[in-house]
2 protein chains.
Amino acid sequence: MTTRQHHIADDLRRSIESGGFAVGERLPSETRLAEHYKVSVPTLREAMSVLKAEGLVEGIHGRGNFVREPHRIPYAHGHKMADSTLQVSVDVRRVKASGVLPSLLRVPAQSSLTEYEYVSYLQRSALSMARVYVPRSVAKLAIPKPSLPRAGRSPWGDDVQDLLAAAGIHVATTVERLVSRLPSTEEAQLLRSTTPVLVVQRTSSDAAGRIVAGAFVVLAGDRTEVIFTNHTHVEAPRGTR
Amino acid sequence: MTTRQHHIADDLRRSIESGGFAVGERLPSETRLAEHYKVSVPTLREAMSVLKAEGLVEGIHGRGNFVREPHRIPYAHGHKMADSTLQVSVDVRRVKASGVLPSLLRVPAQSSLTEYEYVSYLQRSALSMARVYVPRSVAKLAIPKPSLPRAGRSPWGDDVQDLLAAAGIHVATTVERLVSRLPSTEEAQLLRSTTPVLVVQRTSSDAAGRIVAGAFVVLAGDRTEVIFTNHTHVEAPRGTR
DNA sequence: CAGTGGTCTAGACCACGAA
DNA sequence: TCGTGGTCTAGACCACTGT
């Protein structure tokens, strides 16, 4: 009942987790593994893509497939990042609202926005791309010159919230909507991976309910996890909750 | 620079979104589409799987590929579900902690747990599977007899939280950790889809920091979205936040 | 039964990385 | 230059659906 690709993926996963292959070690080439399991190369590649999506294996074009520690960088908007091994670049520009942006930000089409584009890198491959938008009707934020990748900055565009706060605009509510999809060609090139991506659509409102910022974040699904923390406000326990 | 599969996916997406194909309509068979685009059938299927992961297309084995309204059922733990078209089954049993459960719930291996298994169905195919665990050292919840699929119940196991509250145990903090991966064979059969799944690992603690429940939720990535709302507690605006 | 998508085969060619 | 993974071809066979 189980397919060959999953049978192979399960077998390789067991080999890796039981220590048959060390972290950082190169797996046998796909051709060799296909011979070993007596399947065709495309079938073996399907099995490999299961392990890649789990973060257990990293494929490097031209070099091989490598066993990976399945550590994932946590995406948690508004929380300070502990990880400072990420290089983050920023690019800022003025754009006109189009596509889904007018409905995301509840502004008229073609209205002026400030766009912040963050790209984070882990070694040579990108880990995330975040585009944060602030309507210029909300705040006419300054547009500094773009900065090269550097460490210690939030990869998710959290500093836009700080800029807004400095301008006297305080975010009261943030709603995040998350889906999974396959990467576009451009995303696959940047992330150096064709595993599924996590896409976060984020809208921030002030206490009056006005949308003051919106964002799209694309995360490499094999190297990131999304963390949400919810503190239930517990009053005195009553009969109904 | 763009691959054939993405070129075809982009073209089909345009056709669908511009109204060339109506919602609910069957697309031409993969063989016919492959002829039309002058590519092999496997390549066309790659393009189709991009649209399936986006929720724009639903493939039904033996019938064809159908255009879908990309509506997604929102997963939002603790919020009342508006959608009552979902049929939800529950199964309850006692299990021993093994695998990752001891570390998830911070209990010794082999300790007793109550397991609640929720499966939600939309038509014939499953949409989600949730397994909720409560250590019996926290609460010795009754084990009622399993119930057949019925509507109006939370698919994510929210009623376990109500059961705990009724037993005097109040959840103060819930942390959700979300990743994306490819489905196992069993999951693919239940969900009738091989598109990526969203996996939520959830832990709930009381005010004392004791873990009172944990859960794993598997969501069909093409038909669900995860929604998280965060209310920033805004006091009087000060210099630093 | 015929037609459909799901899985698999056995190759080909290209892009990339290291020597 | 050579070995690697990434993309693609042109089929095959099976499982599922409706008639």
Side-chain angles (χ1 to χ4, degrees), chain A residues 1-10 12 25-53 57-68 123-125 182-195 222, chain B residues 1-10 12 25-53 57-68 123-125 182-195 222:
Chain A
M1 204 65 242
T2 184
T3 60
R4 297 192 208 219
Q5 47 182 296
H6 281 109
H7 181 77
I8 295 170
D10 292 346
L12 282 172
E25 195 176 344
R26 213 206 78 187
L27 295 174
S29 76
E30 300 183 341
T31 312
R32 223 169 295 276
L33 283 172
E35 286 168 5
H36 175 259
Y37 286 110
K38 303 198 202 309
V39 296
S40 66
V41 173
T43 299
L44 187 120
R45 286 179 53 69
E46 288 300 306
M48 203 59 85
S49 69
V50 170
L51 302 179
K52 287 179 183 175
V57 169
E58 175 182 15
I60 304 183
H61 193 167
R63 290 225 293 150
N65 292 310
F66 294 80
V67 176
R68 224 175 68 80
Q123 327 284 2
R124 292 189 42 198
S125 55
L182 300 181
S184 66
T185 29
E186 296 78 19
E187 290 164 348
Q189 265 170 246
L190 251 178
L191 305 173
R192 289 173 174 268
S193 155
T194 56
T195 52
D222 54 347
Chain B
M1 205 64 239
T2 186
T3 61
R4 297 193 207 217
Q5 47 180 297
H6 281 108
H7 182 75
I8 294 170
D10 291 346
L12 283 171
E25 194 176 344
R26 213 206 78 188
L27 294 175
S29 77
E30 300 184 340
T31 313
R32 222 171 295 275
L33 283 172
E35 287 168 3
H36 175 258
Y37 286 110
K38 303 195 200 311
V39 295
S40 66
V41 173
T43 299
L44 188 119
R45 287 179 52 69
E46 286 300 305
M48 202 62 84
S49 70
V50 170
L51 301 179
K52 288 178 181 173
V57 168
E58 176 182 14
I60 304 182
H61 193 168
R63 291 225 294 149
N65 292 310
F66 294 80
V67 177
R68 225 176 66 81
Q123 325 286 1
R124 294 187 43 199
S125 54
L182 300 180
S184 67
T185 28
E186 295 78 19
E187 291 164 346
Q189 264 170 247
L190 253 178
L191 304 173
R192 289 172 174 268
S193 156
T194 56
T195 53
D222 53 348

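Just so we're on the same page: letters track the sequence lines, and every chain starts at 1. Side chains included, hydrogens not; waters and symmetry mates left out as well; all remaining heavy atoms used.
In this structure, B:Val41 reaches neither bases nor backbone, as no heavy-atom distance under 4.0 Å exists between it and the strands shown. In this structure, A:Gly64 reaches the sugar-phosphate backbone alone: every heavy-atom distance under 4.0 Å involves primed, P, OP1 or OP2 atoms, never a base. No engagement by A:Glu46 is indicated, since no non-hydrogen atom pair under 4.0 Å with the nucleic acid exists.
Summarising the geometry of B:Pro183 relative to A:His6, their closest heavy-atom pair is O-NE2, 2.9 Å, with the distance given to 0.1 Å. Here the shortest heavy-atom pairing between A:Ala188 and A:Thr194 reads CB-CG2, 4.1 Å. The two residues B:Ile8 and B:Leu44 make their nearest non-hydrogen contact at CG2-CD1, 4.4 Å. Scanning all heavy atoms of the two residues, the minimum distance from A:Asp222 to A:Ser193 falls at OD2-OG, 3.7 Å.
In this entry the distance linking CZ of A:Arg63 with C1' of C:dC16 reads 11 Å, nearest Å. Rounded to whole Å, the distance from CG on B:Leu33 to P on C:dG3 is 17 Å. One can place CG of B:Leu44 at 13 Å from C1' of C:dT4, the figure rounded to the nearest angstrom. With rounding to whole Å, A:Glu30 atom CD is found 18 Å from C:dA15 atom P. Rounded to an integer number of Å, the gap from NZ of B:Lys52 to C1' of C:dG5 is 7 Å. Remark: P of C:dG5 and CZ of B:Arg45 are 8 Å apart, rounded to the nearest angstrom. Computed from coordinates, the B:Glu35 CD to C:dT4 P distance equals 10 Å when rounded to whole Å.
Between the side chain of A:Glu187 and the main chain of A:Ser184, a donor-acceptor pair closer than 3.5 Å is present.
Read 5' to 3', the first and last nucleotides of DNA chain D with an atom closer than 4.0 Å to a heavy atom of chain B are D:dC8 to D:dG18.
A salt bridge is absent between A:Glu58 and A:Arg68: the closest approach of a Lys/Arg side-chain nitrogen to an acidic carboxylate oxygen does not fall below 4.0 angstrom.
The shortest distance between the side-chain N/O atoms of B:Arg26 and the OP1/OP2 oxygens of C:dT4 is below 4.0 Å. The shortest distance between the side-chain N/O atoms of A:Arg124 and the OP1/OP2 oxygens of C:dG17 is below 4.0 Å.
In terms of position along DNA chain C, the nucleotide closest to B:Pro28 lies nearer the 5' end than the nucleotide closest to the other residue of the pair B:Pro28 and A:Thr43.
A heavy-atom distance below 4.5 Å is found between the side chains of A:Glu30 and A:Asn65.
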